[in-house]
Number of protein chains: 2
Amino acid sequence: MTRASSRRPGPPTRTERGIPEATVARLPVYLRALTALSDSGIATASSEDLATAAGVNSAKLRKDLSYLGSYGTRGVGYDVEYLRYQIAREIGVTQDWAVVIVGIGNLGHALANYSGFGTRGFRIVALLDADPALVGERIGDMEVRDFAELEDIVEADRVSIGVITTPAGPAQEVCDRLVAAGVTSILNFAPVVLSVPDGVDIRKVDLSIELQILAYHEQRKSGEVALPQVPELPATNGLTPDLPAVGGGVGA
Amino acid sequence: MTRASSRRPGPPTRTERGIPEATVARLPVYLRALTALSDSGIATASSEDLATAAGVNSAKLRKDLSYLGSYGTRGVGYDVEYLRYQIAREIGVTQDWAVVIVGIGNLGHALANYSGFGTRGFRIVALLDADPALVGERIGDMEVRDFAELEDIVEADRVSIGVITTPAGPAQEVCDRLVAAGVTSILNFAPVVLSVPDGVDIRKVDLSIELQILAYHEQRKSGEVALPQVPELPATNGLTPDLPAVGGGVGA
DNA sequence: AGGAGCTTGTGAACGTGAGAACAAAATCGG
DNA sequence: CCGATTTTGTTCTCACGTTCACAAGCTCCT
């Protein structure tokens with residue numbers, strides 16, 4: 001997260017609508033839980049109920065909600081519809097956000113079709129790719145357009161969110177173009193670290209990193225304590241030993 | 001992350017190979033950065049170089065690496081190949097992990113084709129779906145198999161990692177089957193909170209949550225301080241007011 | 001009306017993570 | 001061989017996040 005944080009040093013400073021980042025990341029989960037409860041016809045829920053549905057503990061949930069205001073009723077709980085609306089408003093999904101997807105490979109394809117994407121609050125306004133072979137292809141009710149049209153589209157549709165689903169190689173360049181065109185939030189699926197100027201938010205979704213984190217924990221389950229203590233490499237520092245090949249996943 | 005943590009209360013307890021979770025989450029990033037440096041023919045890198053490549057600050061990187069051991073050389077830096085191997089070993093990607101993907105919709109399709117998935121360290125051994133219409137379809141060099149074969153496959157191929165790319169509806173049931181079959185790590189793409197027993201790790205990748213987090217920050221950029229202070233809802237608590245519809249993204 | 005029973009909102013304690021700063025160790029030049 | 005220089009490994013401090021525990025506040029029953 002790259003935000004120009006204008007926070008004075010003083011005490012905990014929770015005034016001025018400063019909701020902790022960890023809380024912000026959970027609000028969408030609460031929103032989904034509330035929607036599920038609502039769909040089940042449940043009108044009121046306690047923090048305990050909500051916490052269970054959201055997979056957190058109730059103290060955390062209450063504290064999170066308290067940053068938004070006092071929307072519950074002691075002795076009763078929370079009104080599901082009301083709280084849902086308040087959270088949605090706080091997150092900003094009561095309005096529609098225009099989104100462009102850049103890079104229509106396998107993943108871009110999947111996202112373009114992903115109905116859950118159309119979670120109210122987001123609207124895909126364009127699918128872009130630089131490959132002429134892809135331009136013009138129809139996906140659902142949209143047509144792939146040339147990446148060169150980016151600037152026009154961003155301006156015309158007031159696009160503020162860009163999704164990068166290109167390979168690692170062109171990702172930074174695409175990112176720069178997005179930023180230059182006026183996009184101020186980026187969701188990056190390419191396996192690279194993108195750099196953006198202050199004021200632009202960027203989030204990353206990385207499959208192979210998630211798998212590797214799982215692998216780490218998996219490794220110490222089976223053996224438990226039985227780590228493969230391998231080549232400690234003699235003091236021949238400076239020379240590159242003959243080590244097994246391992247990849248880091250820069251799958252361009 | 002749901003791990004049966006066997007940690008005694010005492011002091012900071014960093015002994016016994018306890019690497020902080022935050023560090024574990026960054027190791028794959030370092031691994032990728034090292035691979036990139038290696039591919040560029042760079043044999044040695046300072047913490048500063050590495051930190052830049054990984055998008056973190058150098059103090060953090062050095063501290064992270066120090067949990068693994070003393071693999072650098074003061075005054076010089078880190079041997080790229082050597083460090084890469086050490087990190088790969090620590091993560092556990094020097095061995096191969098068998099992976100099954102359950103739910104071959106758009107996303108499952110994309111993941112099956114995703115070459116970066118085959119990042120050395122992971123091997124997809126089966127694509128599963130319960131829909132008879134999909135079973136038998138060829139994707140790349142694999143064939144979609146019936147979900148009913150799960151147990152046999154997990155046992156035969158010693159599968160420890162499962163990826164869930166089904167809709168929200170069947171996700172928990174699929175999860176339970178995976179766990180019952182012996183899978184102990186799960187990567188969940190379905191927009192639901194899955195519950196798993198202790199000892200099973202679960203990680204979640206959720207597109208709409210990421211977008212909503214971006215939207216939150218986006219909302220307070222344009223207006224800045226100009227939050228739409230809307231219906232404070234009168235004290236008619238208990239009644240459900242007529243609010244605009246908002247979704248939480250339970251796109252089953 | 002009043003007390004019993006819940007459930008929220010929050011203050012305080014605790015644990016984890018981040019960053020600054022520096023001592024220890026290695027190289028290099030003279 | 002020694003001092004200057006570089007860069008790691010680590011200590012210390014501060015900020016952030018989580019959890020506990022409880023007072024405040026609401027409803028319901030008698």
Side-chain angles (χ1 to χ4, degrees), chain A residues 1-3 5 7-15 18-27 29-30 43-52 54-80 82-83 86 235-239, chain B residues 1-3 5 7-15 18-27 29-30 43-52 54-80 82-83 86 235-239:
Chain A
M1 190 90 333
T2 312
R3 286 248 55 203
S5 74
R7 179 157 296 175
R8 54 181 186 285
T13 316
R14 182 53 14 74
T15 9
I19 297 181
E21 193 56 33
T23 296
V24 171
R26 281 187 294 264
L27 290 181
V29 180
Y30 301 156
T44 301
S46 70
S47 62
E48 198 64 54
D49 299 337
L50 267 177
T52 303
V56 301
N57 84 33
S58 63
K60 181 149 56 179
L61 180 133
R62 285 200 302 278
K63 178 156 288 209
D64 283 342
L65 294 186
S66 77
Y67 291 124
L68 311 193
S70 270
Y71 294 139
T73 308
R74 297 173 192 229
V76 179
Y78 299 90
D79 180 284
V80 171
Y82 181 48
L83 182 57
Q86 292 299 341
T236 51
N237 221 331
L239 270 179
Chain B
M1 188 93 329
T2 313
R3 285 247 53 203
S5 73
R7 179 155 296 175
R8 54 181 187 285
T13 315
R14 183 52 16 74
T15 8
I19 297 180
E21 193 56 33
T23 295
V24 171
R26 281 187 294 264
L27 290 180
V29 180
Y30 301 156
T44 302
S46 70
S47 63
E48 197 64 53
D49 299 337
L50 267 177
T52 303
V56 301
N57 86 30
S58 63
K60 181 149 59 180
L61 179 133
R62 286 200 301 280
K63 188 185 287 204
D64 283 343
L65 294 186
S66 78
Y67 290 124
L68 312 192
S70 270
Y71 294 139
T73 307
R74 296 174 194 230
V76 178
Y78 299 89
D79 179 285
V80 171
Y82 181 49
L83 182 58
Q86 292 299 341
T236 52
N237 221 332
L239 271 178

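These numbers were taken from a predicted model, which means no experiment stands behind them. Just so it is clear, the values below take in all heavy atoms, side chains as well, and ignore hydrogens, waters and symmetry mates. Letters A, B, ... mirror the listed sequences (proteins, then strands); counts begin at 1.
The interatomic distance linking A/L50 (CG) with C/dT7 (C1') rounds to 12 Å, in whole Å. When rounded to the nearest whole Å, the span between CG of B/L83 and P of D/dG9 equals 9 Å. Distance CG (A/D64) to C1' (C/dT10): 13 Å, rounded to an integer number of Å. Between A/E21 atom CD and C/dT16 atom P the separation is 22 Å, expressed in whole Å. Atom-to-atom, NZ of B/K60 to P of C/dT16 comes out at 17 Å; the value is rounded to the nearest Å. Counting to the nearest Å, the P atom of D/dT19 and the CG atom of A/L61 are 12 Å from each other. Between the CD atom of B/E48 and the P atom of C/dG19 there is a distance of 13 Å, given to the nearest Å. As a whole-Å value, the separation of A/N57 CG from D/dG17 P is 16 Å.
Judged as a side-chain hydrogen bond (donor to acceptor under 3.5 Å, both in side chains), and not counting sequence neighbours, the contacts of B/S46 are B/D49.
Heavy-atom nearest nucleotides on DNA chain D were determined for A/G75 and for A/A22, and the one closer to the 5' end corresponds to A/A22. Judged by closest nucleotide on DNA chain C, A/G69 is the one of A/G69 and A/K63 placed further toward the 5' end.
Residue A/K60 comes nearest to A/V56 through the heavy atom pair CE-CB, 4.3 Å, listed as atom of the first residue, atom of the second, then distance.
For the pair A/T73 and D/dC26, the criterion of a side-chain N or O lying under 4.0 Å from OP1 or OP2 is not met. Not one side-chain nitrogen or oxygen of A/S47 sits closer than 4.0 Å to the OP1 or OP2 atom of C/dT7. Here B/Y67 does not reach the OP1 or OP2 of C/dT16: none of its side-chain N or O atoms lies under 4.0 Å away. Taking side-chain N and O atoms only, B/S46 has no distance below 4.0 Å to OP1 or OP2 of D/dT7.
With D/dT18, C/dA18, D/dT27 as the choices, the nucleotide that has an atom nearest any side-chain atom of B/R26 turns out to be C/dA18. Minimum atom distance to the side chain of A/R62 is reached by D/dA21, of the listed D/dG17, D/dG9, D/dA21. Of the candidate nucleotides D/dT18, D/dG17, C/dT27, C/dT27 has the atom lying nearest to any side-chain atom of B/V76.
Taking only distance into account, the side chain of B/R74 meets the base of D/dT8 through a donor-acceptor pair shorter than 3.5 Å.
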Would B/T44 and B/T73 count as a side chain to side chain contact (heavy atoms under 4.5 Å, CB included) if you check the C-alpha gap in whole Å, the side-chain angles of each, and the deciding distance to 0.1 Å?
CA-CA 10 Å; B/T44 302; B/T73 307; over 6 Å; no
From CA spacing to verdict: side chain to side chain contact (heavy atoms under 4.5 Å, CB included), A/L68, A/L27
CA-CA 10 Å; A/L68 311 193; A/L27 290 181; 4.2 Å; yes
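Paired with A/L61 under the rule side chain to side chain contact (heavy atoms under 4.5 Å, CB included), one option of A/D64, A/L65, A/N57 passes, and it is A/L65.
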